[in-house]
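These notes are about the structure you will find just below.
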2 protein chains.
Amino acid sequence: MPKPGPRLRLVDVAERAGVSLATASRSLTGRDGVSEEVASRVRQVAAELGYVANPYARTLAGGASSSVGLVVHQVDDPYFSEIAGGVIQVAGEQGLMVQICHSGRDPHYELRQIRHLIAQRVGVIIIAGSGYNDPRIEAETKAELTAFQSLGGRVAVIGRHALGVDAVLPDNEAGGRALGAHLLDLGHRRIAVAAGTGGLTTVTDRMAGVLGALRDRGLDPAEMPVVHTDFTRDGGCRATERILRDHPDTTAIIALNDAMAMGVLSVLRGQKIPVPKRMSVVGFDDVSVAADLAPSLTTVRLPMTDLGRMALELALKPKSARARRRPTGHRLVVRDSTGPAPR
Amino acid sequence: MPKPGPRLRLVDVAERAGVSLATASRSLTGRDGVSEEVASRVRQVAAELGYVANPYARTLAGGASSSVGLVVHQVDDPYFSEIAGGVIQVAGEQGLMVQICHSGRDPHYELRQIRHLIAQRVGVIIIAGSGYNDPRIEAETKAELTAFQSLGGRVAVIGRHALGVDAVLPDNEAGGRALGAHLLDLGHRRIAVAAGTGGLTTVTDRMAGVLGALRDRGLDPAEMPVVHTDFTRDGGCRATERILRDHPDTTAIIALNDAMAMGVLSVLRGQKIPVPKRMSVVGFDDVSVAADLAPSLTTVRLPMTDLGRMALELALKPKSARARRRPTGHRLVVRDSTGPAPR
DNA sequence: TTGAAAGCGCTAACAA
DNA sequence: TTGTTAGCGCTTTCAA
């Protein structure tokens, strides 16, 4: 890897403005102890020269780290790319850089990435995406983040609750409940669930909502088939095949995210099973393509871009004594993939 | 923003290993001048202690910058998120961090982002996304990148040819030609184009291919309606409305990317115009949802993830005397959105 | 092959 | 309000 070249330094600016290094530094960092008159002259000179501080020197000297580490399961999954978009927007407004990395839905790999970000001395860490139902790994992650925070780092997470840090919490349970209620209202009684991997808390939470909806109507949740596969389009395909094979009389499939729902629709299309005439399908998230699928997908809308924005905004606020929680709303969006139960 | 906290330093490792700072540094950076015996002992100790070098200190001291700057138009556009996925994959394999930023399809803003990345002392810059048909801004960008390279920085671009740097070049023109030929083969003669903003070279190149296909058959390109709108889903909607209004006898619409094609399909669906029975539609890129649209989209497949991978791999190679060019193939993927011209 | 010491460009005590 | 100066943790001459 290349070396950085010689560039404009703060001394150059200071000299040109006829002040000391310290005064120049104070002027540009907006610290007080400088007369506004001098400060603005320095800023002026810096701007003219096109000076930009060397972040490495600045950080090393004990200044602020100006980068944000963002951990997503996979950036080319629309759910995460929309969140990333929100984070990058806010970062851009604040002049911060965003360092992005993948966790690949592997808790150990995720922990490694987090450690790497900390070693890289980012100032803020945002973790997007489901937590894991494994208390040991969550505890390890929590310990790492706590240590990071105690050294002055800031953390916010999206959709995880077990980490003891500021969190933006999409309403997974209520969303699941809304989905279940919607199908029950349409008269469906033989509903199957294409669920993601059992190890993900998002799956658990959404599932809890669905089960709650059944209980609300006095139905027995135990009778509902739940198929656990990957929390991806491909997982949706495989789950659907299993559902069609083992429970051929199913009239509605709940996919616990839109990616899975796309897999569900794809298999149904392949098997020429009409949606929603013979089978209703719902998803969760409302990624931007959900409206363009055929049939367009009934789903629960989560404001992903805002989730990303809120998370970074939360992390950038002065630290509070205890972890803040920002619940986010959800909205059932009824489209063409759901209809009355057949017969 | 927080300060970095006290952490393990190289001196600690050196002390623990019973060597000097210099030797420890040499051992860990793999530089020679150390006996293999000592070096491996130092590495061992570092590993035990979980030591990770402070990148700020390392870079400041004239070492290598280990981060990659990635500029995309918009990360929540599937085309770019897939490219980003590829870049992040390779970066992960090499232990590099990826700093991502948006250009928002604005050449001036893009240039600002590039300058910011350079100021941040990234070692590598990858620019994804169309160039601009404005020679002045391209020249400015080129100058900036050239200066960056002459200071040891590495650059690679995806889908831009005017920058004089290593480039991965998707076959836009041949892809456009394939699309045109496909529709002509199906008997379409009244074809309209939903093109992106005229200022983008990608639009120009794909358009050139389409026009070439017409000329190949001895048809007059001048007769084909071309509507320029934003290179997005929304632009596709607006273009379609204009096409339907001004050229109601059109039998096929070529959208110059899949995002626009999704807008096209959406408007046609809204107006109950059957696809492909009454109107054929094609896109370009083959983003992963293209196969899940209804009808599934005929398009030109570009290997986006590979584009991202190749770009970073190219940038990481030792610099060559002149700019390298890696053309990438394309493949027409015929799905359900195209059919014979009506009557 | 190893070590001592001089910076890299900046911030933050401390002094004036 | 301003300036002087001592580091931040590392790499890299230069000497040994």
For atom [atom1] of [X] and atom [atom2] of [N], their distance in whole Å:
{"X": "A:Arg121", "N": "D:dG9", "atom1": "CZ", "atom2": "P", "result": "8 Å"}
{"X": "B:Leu60", "N": "C:dG7", "atom1": "CG", "atom2": "C1'", "result": "9 Å"}
{"X": "B:Leu10", "N": "C:dG3", "atom1": "CG", "atom2": "C1'", "result": "13 Å"}
{"X": "A:Leu21", "N": "D:dG3", "atom1": "CG", "atom2": "C1'", "result": "10 Å"}
{"X": "B:Arg58", "N": "D:dC8", "atom1": "CZ", "atom2": "C1'", "result": "16 Å"}
{"X": "B:Asn54", "N": "D:dT11", "atom1": "CG", "atom2": "C1'", "result": "13 Å"}
{"X": "B:Glu37", "N": "C:dT2", "atom1": "CD", "atom2": "C1'", "result": "13 Å"}
{"X": "B:Leu28", "N": "D:dT11", "atom1": "CG", "atom2": "P", "result": "8 Å"}

If you pin B:Val11 and A:Val19 to their nearest nucleotides in DNA chain D, which one's is more 5'? A:Val19
Under the salt bridge (charged side-chain N to carboxylate O under 4.0 Å, His left out) rule, what do A:Glu110 and A:Arg160 come out as? Steps first, then yes or no, please. CA-CA 14 Å; A:Glu110 177 181 282; A:Arg160 315 177 59 140; 3.1 Å; yes
Would you tell me if any nitrogen or oxygen in the side chain of [X] comes within less than 4.0 Å of OP1 or OP2 on [N]?
{"X": "B:Tyr56", "N": "D:dT11", "result": "no"}
{"X": "B:Ser35", "N": "C:dT2", "result": "yes"}
{"X": "A:Thr23", "N": "D:dG3", "result": "yes"}
{"X": "A:Arg26", "N": "C:dA12", "result": "no"}
{"X": "A:Arg31", "N": "C:dA12", "result": "yes"}

Check whether the side chains of A:Arg309 and A:Gln89 place a donor and an acceptor atom closer than 3.5 Å, and report yes or no.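 The answer is yes; a qualifying pair exists.
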Is it the case that the side chains of A:Gln44 and A:Glu48 hold a donor-acceptor pair, with the cut-off being a distance below 3.5 Å and no angle test?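 Yes, A:Gln44 and A:Glu48 have a side-chain donor paired with an acceptor closer than 3.5 Å.
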The side chain of [X] is closest to which nucleotide in this list: [options]?
{"X": "A:Ala22", "options": "D:dT12, C:dT2, C:dA12", "value": "C:dA12"}
{"X": "B:Ala57", "options": "D:dG9, C:dT2, D:dT11", "value": "D:dG9"}
{"X": "A:Ala61", "options": "C:dT11, D:dG3, D:dT11", "value": "C:dT11"}

Donor-acceptor pair, side chain of A:Gln99 and main chain of A:Leu70, under 3.5 angstrom: no
Determine, stepwise, if the pair A:Glu36 / A:Arg43 fulfils salt bridge (charged side-chain N to carboxylate O under 4.0 Å, His left out). CA-CA 10 Å; A:Glu36 184 44 46; A:Arg43 279 195 295 268; 2.8 Å; yes
